[in-house]
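Nothing here was measured: the structure is a model prediction, and the numbers come from that model. Any value given below was found using the heavy atoms of this structure, including those in side chains, with hydrogens, waters and symmetry copies removed. Counting from 1, the numbers follow the sequence of the chain as shown.
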Amino acid sequence: MKNIKSMAILFAMALTVSAASAADIWCSVETGSKKGGDSMSNPIKNLQKAIDNAADGDTIHIAEGVYTGNLDCGFYKLENKAVNLLGGYAKDFSSRDIINHKTILRSSKQNSGVVGSEAVLNVVAGDKERTMVIDGLCFDRGDTNGYHKLEGKPEGCQTGMLVIPPTTGTSIDGQDKVYTITTPLLRGEFKGELTIQNCAFINGGNYAVQYGVRGGKVTIKNNIFVNNRMAACEVSGKLADPLASTCEFCNNTVLFTWSRTKDLGDMGYGYRYMNGCNHIVHDNIFGFSTWVALNRGFKEHDKKAEEARQTTSDNNVFMMNKKGDLDLPGAGTFLYVKCSQFDDVDELTSSDGNKEITDFSAFKGVINQAYLNGYLNLQYTETTDFDPNSQANQLRSALGMNQVGKIDSKVSMFANYYPFDEAFKLFGAMQGVGAQKP
């Protein structure tokens, strides 16, 4: 492998940052110290301190390990500057491999209550046009989510269903009264050129990536998204001009995106074409969404702007998304469309080469079998207990009050914990489409 310092120089050149104005900072939660950071042999321990100390355009090289925020607060903030974040280094920075040297950003159970509205990583770079790369980070909340001990637990799965606050659940290591953190894994706003690549977004309780573009382009490529609730990726434009901002979402693998609630009643999207932005979506794998892979349910208020902006879907692979592969606004509801019909969708400005997968052999031994079996047998049931002639309901009726009953609901599976390490098998599952091995 190339010398690490050479890599850093090439990286800086690619970002058009001069060596005189940009510095390299080295960070290791396991081998770093309070005052380090200036070299590979003397890294800083605290990633938040490294971010705070970095100047606009600097690059932080982050070694393998689990990072849980300053004082284990469970989140990181990067504000009013752009700092490149590169993970996946060995402890001594001698090599870089994001799969074998995982840099994991994760919340902590003991301080889950202090997270509030914060994502695991919050990047708000301000109104100045900047360039930034987030590369090789692993985002995960599986350890800090609350799961039901018994309900919604298919055979072979490690946990029961995800439990949404205010109800508490049990963590994967048996701790009781755990509140699931319902904030995104990565969130922010950016102006300029932002690239998010070679990352993993796993077990998110509320969105994996939720971003706003204030002019410029966000490129999200070669990432895996596994077991996230509501949506894997939602990117919106934040300017009045919907043509000023673009998101390119390409070569990502997006599997098991779950609905907002356990009744599977709404949401559960792979990617959302939000307003105010062009969306270039190509060469991805979208599978096992409880709603649809692609959400095109929003239109610009200005008709000319709607006609001018690009929303594409090219060379994407789809498999077993519950409602369909795309939804569109309908008469009071949504219209669900399979990828074989994309050529007739006026809202898609380009729709070449999309296909529904028929040969699943590429995923044998790659997708967790117990989890897949649970999804394939997914069921939601309701039973009601309502007696209009009961004494209580007769009294309520006589007094002009609503009669009441009880509804018991049950789901066979809902956003259960997906084994963290197994998710990385998805890199390179299908050659040329989806996330490839970095």
Report summary line: Closest non-hydrogen atoms of T349 and Q310, given as atom of the first, atom of the second and distance, are OG1-CA, 3.7 Å

Report task. For residues V366 and K425, report the shortest heavy-atom separation together with the two atoms involved. Result -> CG1-O, 3.5 Å

Query - pair L121-F139: side-chain heavy atoms closer than 4.5 Å - result: yes

**Report entry** Among N145, N228, N416, N227, the one residue meeting side-chain hydrogen bond (donor to acceptor under 3.5 Å, both in side chains) with N203
**Finding:** N227

Report task. May I ask you to check whether Y269 and Y271 place their ring centers less than 6.0 Å from one another? Result -> no

Query - Neighbour count above 12 (heavy atom, 6.0 Å) for K149 NZ - result: no

Query - Short side-chain to backbone donor-acceptor contact, N198 and G136, under 3.5 Å - result: no

Query raised in the report: Does R214 reach the main-chain N or O of G237 with its side chain, forming a donor-acceptor pair under 3.5 Å?
Result: no

Requested in this report: Using a cut-off of 6.0 Å, state whether more than 12 heavy atoms not belonging to E79 lie near its atom CD.
Outcome: yes

Query raised in the report: Which distance, rounded to the nearest 0.5 Å, do you find between the CZ of F225 and the CZ of F249?
Result: 4.5 Å

Query - Test item: F363 and M319 side chains (from C-beta on) under 4.5 Å apart, heavy atoms - result: yes

Query raised in the report: Think R106 forms a cation-pi with F420, using NZ or CZ under 6.0 Å from the six-ring centre and within 45 degrees of its axis?
Result: yes

Report task. Assess the pair Y371 and F256: is the distance between their ring centroids shorter than 6.0 Å? Result -> yes

Query - Gap separating the CG atom of L255 from the CE atom of M320, nearest 0.5 angstrom - result: 12.5 Å

Report summary line: Nearest heavy-atom approach of K91 to A63 is CA-CB, 4.3 Å

**Report entry** Non-hydrogen side-chain atoms of E193 and R130 separated by less than 4.5 Å
**Finding:** no

**Report entry** With S313, the side-chain hydrogen bond (donor to acceptor under 3.5 Å, both in side chains) member among N315, T311, N316
**Finding:** N316

Query raised in the report: Looking just at side-chain N and O atoms, do Y211 and E234 make a donor-acceptor pair shorter than 3.5 Å?
Result: no

**Report entry** Under 3.5 Å donor-acceptor, T182 side chain and G205 backbone
**Finding:** no

Query raised in the report: Between Y336 and L326, is there a donor-acceptor pair closer than 3.5 Å when you use the side chain of the first and the backbone of the second?
Result: no

Report task. Could you grab the distance from atom OG1 of T59 to atom CE of M132, nearest 0.5 Å is fine? Result -> 10.0 Å

Report task. May I ask you to check whether over 12 heavy atoms, not counting those of E307, lie within 6.0 Å of atom CD? Result -> yes

Query raised in the report: Side chains of E306 and H301: donor-acceptor distance under 3.5 Å anywhere?
Result: no

Report task. Mind running side-chain contact (heavy atoms from CB on, under 4.5 Å) on L162 and T180 for me, showing each step along the way? Result -> CA-CA 8 Å; L162 183 73; T180 296; 3.7 Å; yes

Report task. Give a yes or no answer on whether the side chain of D58 reaches the backbone of A55 with a donor-acceptor pair at less than 3.5 Å. Result -> yes

**Report entry** Considering all heavy atoms, the nearest G142-Y147 contact
**Finding:** O-CE1, 3.7 Å

Report task. Measure the shortest side-chain to side-chain distance between K355 and F318 over non-hydrogen atoms and say whether it is less than 4.5 angstrom. Result -> no

**Report entry** CE-CD distance between M274 and Q210, expressed to the nearest 0.5 angstrom
**Finding:** 8.0 Å

Query raised in the report: Has the side chain of S412 got a donor or acceptor atom that lies under 3.5 Å from a matching backbone atom of G152?
Result: no

Query raised in the report: Does a donor on one side chain and an acceptor on the other come within less than 3.5 Å for N251 and N284?
Result: no

Query raised in the report: Is it the case that T290 and S259 place a side-chain donor and acceptor less than 3.5 Å from each other?
Result: yes

Query raised in the report: Around atom NZ of K49, are there more than 12 heavy atoms of other residues, nucleotides or ligands at under 6.0 Å?
Result: no

Query raised in the report: Does the side chain of E151 come within less than 4.5 Å of K262's, by heavy atoms?
Result: yes

Query raised in the report: How about T183 and R141: does a side-chain donor come under 3.5 Å of a side-chain acceptor?
Result: yes

**Report entry** K221 NZ: over 12 foreign heavy atoms closer than 6.0 Å
**Finding:** no

Query raised in the report: Do the side chains of K128 and D56 get nearer than 4.5 Å, heavy atoms only?
Result: yes

Report task. Kindly indicate whether a cation-pi arrangement holds for K322 with Y375, taking the cut-offs as under 6.0 Å to the six-membered ring centre and within 45° of the axis. Result -> yes

Query raised in the report: Is the backbone N or O of A370 less than 3.5 Å from a side-chain atom of N373, with the two atoms forming a donor-acceptor pair by type?
Result: no

Report task. Starting from the C-alpha separation in whole Å, work towards a yes-or-no answer on side chain to side chain donor-acceptor pair (under 3.5 Å) for Q197 and N222. Result -> CA-CA 5 Å; Q197 62 187 15; N222 212 69; over 6 Å; no

Query - Minimal non-hydrogen separation, V235 against C277, with atom names - result: CG1-SG, 4.5 Å

Query raised in the report: If we only count heavy atoms from C-beta on, is the V317 to F286 side-chain gap below 4.5 Å?
Result: no

Requested in this report: Say whether H61 and Y89, considering side chains only, have a donor N or O and an acceptor N or O under 3.5 Å apart.
Outcome: yes

Requested in this report: Hey, could you give me the CH2/OG1 distance between W291 and T257, rounded to the nearest 0.5 Å?
Outcome: 14.0 Å

Query raised in the report: Would a 4.5 Å heavy-atom cut-off, applied to side chains only, mark L264 and L378 as touching?
Result: yes

Query - Which atom of G276 lies closest to which atom of S245, heavy atoms considered - result: O-CB, 3.9 Å

Report task. Spell out, as yes or no, whether a donor-acceptor pair under 3.5 Å connects the side chain of N223 to the backbone of C199. Result -> yes

Report summary line: Rounded to the nearest 0.5 Å, the OG1 atom of T312 sits from the CG atom of N278 at a distance of 9.5 Å

Requested in this report: For the pair T253 (side chain) and A435 (backbone), establish whether a donor and an acceptor sit closer than 3.5 Å, ignoring hydrogens and angles.
Outcome: yes

Report task. Give me the one residue out of L85, I98, I196 that meets side chain to side chain contact (heavy atoms under 4.5 Å, CB included) with L137. Result -> L85

Query raised in the report: Would you say D327's side chain and R296's backbone share a donor-acceptor pair under 3.5 angstrom?
Result: yes

